[in-house]
Structures are given as structure tokens and as C-alpha cells.
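For this chain, numbers begin at 1 and follow the sequence in order.
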Amino acid sequence: MKTFKRLSVMGAAVALAAAAAAYAMGAPVTHAEEPVEAQQAVRPMEDLGRGVVAVRNGSSVLVSWRLLGLDPSGTAFNVYRSTNGGAWTKLNGSALTGGTNYTDTGANLSQANAYRVAPVLNGTEQAPSTAFTLTANHADEPAVRIPLRSGGPVKFTWTGDLNGDGEFDYVVDRQTSPQSIEAYTSTGQFLWSVNLGPNSTNQDNIEPGSATIDVGHWDGVTVQDFNSDGYAEVALKFADGVTFGDGQVWTHSDDNRQWVGVLDGRTGALRNYAAVPQDYLADGPMAMQFGVGYLDGTRPYLVASMKNRKSNGDFNMMIAAWTWSGQNLTQQWKWLRGSTNAPDGHNIRIVDVDGNGTDEVAHIGFVLNGNGTLRYSLAGQGIVHGDRFHIADIDPSNPGLEGYGVQQSNGSGLREYYYDAANGQMIWQHVLSGTADVGRGMAGDVDPRYPGMEVWSFDGLYNAAQNRLTEPNTSLRPWPQLGLWWDGDLLMELLNDGKLEEWDPLNPSTTSSLPRIETVTGYGAVKAAQGGPTLVGDLLGDWREEAVYTNAAYNQLIIFTTDKPTSTRLYTLAHNPLYRNCMTTKGYMQSHHTDYFLGSGMSTPPAPPITY
């Protein structure tokens, strides 16, 4: 066996600063939220810029920007426009204190218009943001287009601030043979590519090659600033034959051996690596799902959920976690399922289930503590494998977070279930005769007549807190695919097979006839896995979410971003700890959630326990 010398790396972790002052926001408040923990660890997160974005909507332009997680109370904004490189003109009268967006009705759209915003504190204007330019005669579309090099289809996109400018950059896969990944800045400047080599040509959905990424529900890539130096790294599983962004080729005589590596986000060079534990090596390479969480409350951990198949058809399962100091990638723990009855599913969620400031690792049927020990399994309450689950503040009147999941061919007839996320205590279950593969399940607030979120699969739309159908006709429920905050109210819109839709509780309709807001294919976008986007997240502008697709030629990312104004003022979802963790995971594409209730009648969320 060959041995390898660890690569030297530059940089060191930045010391954590004290958290900035909390601030108040202007979202409507109609009931009290449960109190937050008085003492929480402070976690370092991206020092984001304002993320200014401008999209044309008919003859007007919607300009939108971020309220940051630690903006002081009372932060206001001025909006400026520069036409064809001319002087900057302030567009608003008094400084804006409501929603962080502005509708410009006076722009000459036959010319290029650049927009920037400047925060105002205690009446004093601060330094302006980076500008965003809407080109002359720009298309009337709710989208930003990022150029890519020519290449193969893209299944997943990841995001992080690779170059340290305060804006989200992009890493995409290429579903070719062999596979590759590529990195681009927020404006589409190509940075680097990694060729995953001959061990990525086996692209079986269940037993992929040792370097294969993004097949079935597996990924094997994620992006995070693991050492908090202001530059995001790319985590990658790799094996023999991979060529990194600086041209280095990894060689090893055993094609089944695997490593996890940290790549420099600016160059794609391998900065450090660690061997994947070899407990199940005799059964071949491990397929992996990656995610990031703050398992000790103060630093990001790379988490890998891994499986391979035994000769009898059963699966080995292992979960492991690593930290990167800027010099060393260190395995902190591993957990082997072995004979433990711990039902897994098709994705992981990394979430602080008990509100103590440290994250846990959740599968559909069990949760591991941040130190890798089993917190609880739902198997004893009748839970088996299922496709999708959610953990969020589903019921704001109940302290803490709740979980909702669906089941695949449960012998008891169990279809869906709702439980306390902190301890796994079951709150309710829905059981019908026979068995069924319930392949979809959603959680989100879509009916303002009932407090908290609704949950639904195929047997009707239920208000979770009351375990009550909000629409008696169970066929008049929306399709349980993806949620997306888009139109500016506090209810969740729906993203299904490239259609952005809204379910109307006062005029319910079948899933095939929901009122449609946008259709992505109408703007030249192509759908990726399971008819979905390559990425969903709060990437640009205010707190509403973006959905990322490619065009048919795969030489362009199309980032769909709202063109609807809103008076609701919320800090960027990317500065919410749970939501930011969600942005690092893939699997079967599912909705992201915040660690506070986001919906009709919500309370003002507290400032997040973060530092930049």
C-alpha cells in the first residue's frame, strides 16, 4: 500500500469575535414565540455582502438586498441608481425601514442601470454595497443568468463564498463519464475544475464507483468555510485517478479505497485529506451523503452518511464527522449502525434538535448527538425506511422543533407521522389498511386559517398541531414536492416539476390545476433530478429564496429570483443556523427550514447566535 504525505496548507482559523448587538425587525407579530435559550454557543458564519439584485418586471425594476443577521436595530437603507456609468442618484426619499426591496419605476430600460444600497445608522449613511447591473434592454424575467463553460448536464449546484468577496459563488457537477466538478464566482468567472477520473464511470444509483458523485440520492460534495478564514472550501470524496484543480493526480493501487478531502475554493487544489474508515471496505466503496453542522456549537463539521451493499443484499451503514483547522483534517468520530435498529432514508438533516446551540445529525428514523452517539431511534415506535422528512418549528405554540416523515411500505400501514424532534416522542401517526410507498411529504405554512404549518403527503392536507384536515376533500391538496418563499407574504409557495405555484385555501384545486406564478421552462431552463432545481437557497436579495437551474446547453446557470415586492423585513435566511446547514445537504431534494416558525402570524425572530 502506498503512503501519502499530508499537503502543507496556508492560513489558520480566525478567532471568533463577540456577537454583535441584537436587532428588531418589522415582520408582523400576532402571537408569542417560545423563548430561546439564554445561553448558546456563537457560531461563525459568512460575512456576507448585501447581495443586491435587480430584475425587470414589465416597465419597472425590483431591487432587493440582504438584511444581515447582525445588522443593528433600526438599520435603514438608501437605494441608488447609475445609468450608463453616470452619477449615482438616490431613488428613495426618506431612508427605507421596511422590507429590503425597492421598486424602481423611473429607469430607462433601454440603457444599462446599476443599483447599490447604503445602510443608514442613526441617521448617518454608511459605505455603499457592491453594485448590480441590469443590462440595457434586459429580458423581462425573474432570473439572473451566470455563464458556465460548455459541458455536460448538471444535477447539483453548491454554494459558498469561495473568493472572500461576501457573495455566494457556485460549484457544479458535470454528469459525464468520467465526472467532474467546476467552480465559478458569483458573476460567472471560471475558477477551476476537478476530473474525478476512471472511478467515477460506474454511476449506478445504489452501488456507485469509489469517486462517483451525485447519483441516486448520493452526493459526496459540499461547500463550507471550514476554518472560518473568510474563504469557503470544497469537501469532496475521492479515490484513485482524480485530478485536482492544480493538476495534482491522486494515485493508489486499490480502487476501493476512498478519502475525503478539503479543496481550496479558489484553486481546486487539495489542501488536506483523511482516509475514509475501512470498517466495510471488504464490501466495496462507500456511497456518501455530505452535510455541514456545528456539532460542538462553535465550528463547522463535515458529516458523511455512508453505505455500501453486502453480498446478501443488506447494507452496511456508517456516519463519520471531521473538522478542518486550516492545516489538519481530523476525524472526530464514527458511528456504525451494525445491528442497531435505526431506520435511514434518502437524505440527512443537521439540526439543533434540542435548542442548546449544538447540532445533531438526523435521519428519517434516528438522530445522533453531536459526539456521534445515538440520541434516539424511532424504530421502537414503528418507523421503518422512508423517502422524505422535515424538522422545523412546525408548531410555534409547542416548545422546540417537531419532525414529520413519510413511510415506504410500512407493514403496519403507517403512512406518515409527527413527533417531538428533541426526544423522538411520537405525537400522532396516520395508519391505513394495506401498505404503500409514500414517496413525497411536505411541511410548510400554506393555510393561514390554522396556526403553524401544514403537513401533507397523499392522504390530505393536515394542520400539524391539531392533526386536523384543513381541506376536507383530500384530493384538493397540493403536490408534496418542494416549498419556496417567493411572493412576499409569509405563506410558502410550491415548486413542483418546474412550476412555481400557490395553493389557495379559499379556492382549493387539484394538484394539476394550482394557480401558477412562473414556469421555469418558459425561460429556457431544464429540470434536473426528479424534475427539480440543482439548488434552492437564499442566495441573493432579501429573505426570499432562489431556485437554480441550467439552460438546455448546460452553459448557463439560471437563478430564479423573485420580482415581487414585500413589506416583510427578515434577516437573510442564509444567516439562520438551521437554514444554512440545510443549504449544504442534497439527497432527494427537499425544502429548507429555519429554526424559528416562518409563516402566517409569526413572531419576530430573535437575532441569530452567530458571528462573522
Subject >> Worked verdict on Asn371 versus Thr373 for side-chain hydrogen bond (donor to acceptor under 3.5 Å, both in side chains) >> reply: CA-CA 6 Å; Asn371 63 3; Thr373 59; 2.7 Å; yes
**OP:** Take Asp445 and Tyr450, measure what side-chain hydrogen bond (donor to acceptor under 3.5 Å, both in side chains) needs, and give me the verdict at the end.
**Re:** CA-CA 9 Å; Asp445 189 13; Tyr450 297 83; over 6 Å; no
What are the two closest heavy atoms between [X] and [Y], and how far apart are they?
X: Ser457; Y: Val406; answer: CB-CG1, 3.9 Å
X: Pro608; Y: Gly69; answer: CD-O, 3.3 Å
X: Tyr376; Y: Asp420; answer: OH-O, 4.0 Å
X: Gly488; Y: Thr568; answer: O-OG1, 3.7 Å
X: Asn347; Y: His363; answer: O-ND1, 3.7 Å
X: Thr103; Y: Pro565; answer: OG1-CB, 4.0 Å

Find out whether [X] and [Y] are in side-chain contact, i.e. whether some heavy atom of one side chain is under 4.5 Å from a heavy atom of the other.
X: Pro142; Y: Asn57; result: no
X: Pro577; Y: Ile610; result: yes
X: Leu162; Y: Val223; result: yes
X: Phe389; Y: Tyr419; result: yes
X: Asp504; Y: Ser509; result: no
X: Asp71; Y: Tyr571; result: no
X: Ile383; Y: Met426; result: yes
X: Val367; Y: Arg349; result: no

Original post:
What do the steps show when you test Leu121 against Thr75 for side chain to side chain contact (heavy atoms under 4.5 Å, CB included), and what is the final call?
Top reply: CA-CA 5 Å; Leu121 295 176; Thr75 300; 3.2 Å; yes
Would you confirm whether [X], through its side chain, and [Y], through its main-chain N or O, come within 3.5 Å as a donor-acceptor pair?
X: Asn92; Y: Val79; result: yes
X: Tyr549; Y: Gly532; result: no
X: Asn463; Y: Pro451; result: yes
X: Tyr102; Y: Leu96; result: no
X: Arg66; Y: Leu539; result: yes
X: Thr222; Y: Thr584; result: yes
X: Arg477; Y: Asp459; result: no
X: Gln126; Y: Val120; result: no
X: Glu454; Y: Asp447; result: yes
X: Gln429; Y: Glu416; result: no

Original post:
Would Glu471 and Arg449 count as a salt bridge (charged side-chain N to carboxylate O under 4.0 Å, His left out) if you check the C-alpha gap in whole Å, the side-chain angles of each, and the deciding distance to 0.1 Å?
Top reply: CA-CA 11 Å; Glu471 169 49 55; Arg449 301 172 299 174; 5.3 Å; no
Original post:
Which one of Leu491, Leu573, Asp393 satisfies the side chain to side chain contact (heavy atoms under 4.5 Å, CB included) criterion with Leu598?
Top reply: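 Exactly one pass, corresponding to Leu573.
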**OP:** State which residue, out of Trp65, Tyr80, Phe132, fulfils the side chain to side chain contact (heavy atoms under 4.5 Å, CB included) condition with Arg116.
**Re:**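 Result for side chain to side chain contact (heavy atoms under 4.5 Å, CB included) with Arg116: Tyr80.
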Residues [X], [Y]: salt bridge by 4.0 Å N-O rule:
X: Arg375; Y: Asp354; answer: yes
X: Lys499; Y: Glu518; answer: no
X: Asp104; Y: Arg81; answer: yes
X: Asp359; Y: Arg43; answer: yes

Original post:
How about Glu125: does its CD atom have over 12 heavy atoms from other parts shown lying under 6.0 Å from it?
Top reply: yes
Spacing of [atom1] belonging to [X] relative to [atom2] belonging to [Y], to within rounding of 0.5 Å:
X: Thr566; Y: Trp543; atom1: OG1; atom2: CH2; result: 5.5 Å
X: Leu482; Y: Glu545; atom1: CG; atom2: CD; result: 9.5 Å
X: Ser186; Y: Leu557; atom1: OG; atom2: CG; result: 11.5 Å
X: Tyr170; Y: Thr159; atom1: OH; atom2: OG1; result: 5.0 Å
X: Leu500; Y: Trp486; atom1: CG; atom2: CH2; result: 6.0 Å
X: Leu578; Y: His592; atom1: CG; atom2: NE2; result: 10.0 Å

Does the separation of the ring centres of [X] and [Y] fall below 6.0 angstrom?
X: Tyr417; Y: Tyr404; value: no
X: Tyr612; Y: His575; value: yes
X: Trp479; Y: Phe458; value: yes

Original post:
Can you tell me if Asn122 and Thr124 form a side-chain donor-acceptor pair at under 3.5 Å?
Top reply: no
Subject >> Derivation of the side chain to side chain contact (heavy atoms under 4.5 Å, CB included) call for Leu570 and Leu67 >> reply: CA-CA 7 Å; Leu570 293 172; Leu67 184 71; over 6 Å; no
Original post:
Could you go step by step and tell me if Asp161 and Asp225 meet the side chain to side chain contact (heavy atoms under 4.5 Å, CB included) rule?
Top reply: CA-CA 8 Å; Asp161 184 6; Asp225 182 359; over 6 Å; no
**OP:** Apply the side chain to side chain donor-acceptor pair (under 3.5 Å) test between Arg440 and each candidate in Gln530, Gln481, Gln590; give the one that qualifies.
**Re:** Gln481
**OP:** Just say parallel, tilted or perpendicular for the rings of Tyr462 and His430, cut-offs at 30° and 60°.
**Re:**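 Tilted.
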Original post:
How far apart are the C-alpha atoms of Phe156 and Met589, what are their side-chain angles, what is the distance that settles it, and do they pass the side chain to side chain contact (heavy atoms under 4.5 Å, CB included) test?
Top reply: CA-CA 10 Å; Phe156 288 146; Met589 192 75 75; 4.2 Å; yes
**OP:** Could you tell me whether Arg299 sits above the aromatic face of Tyr294, with NZ or CZ closer than 6.0 angstrom to the six-membered ring centre and within 45 degrees of the axis?
**Re:**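 No, Arg299 does not sit over the ring of Tyr294.
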Original post:
Can you check salt bridge (charged side-chain N to carboxylate O under 4.0 Å, His left out) on Arg569 and Asp542, steps first, answer last?
Top reply: CA-CA 8 Å; Arg569 179 181 173 99; Asp542 62 26; over 6 Å; no
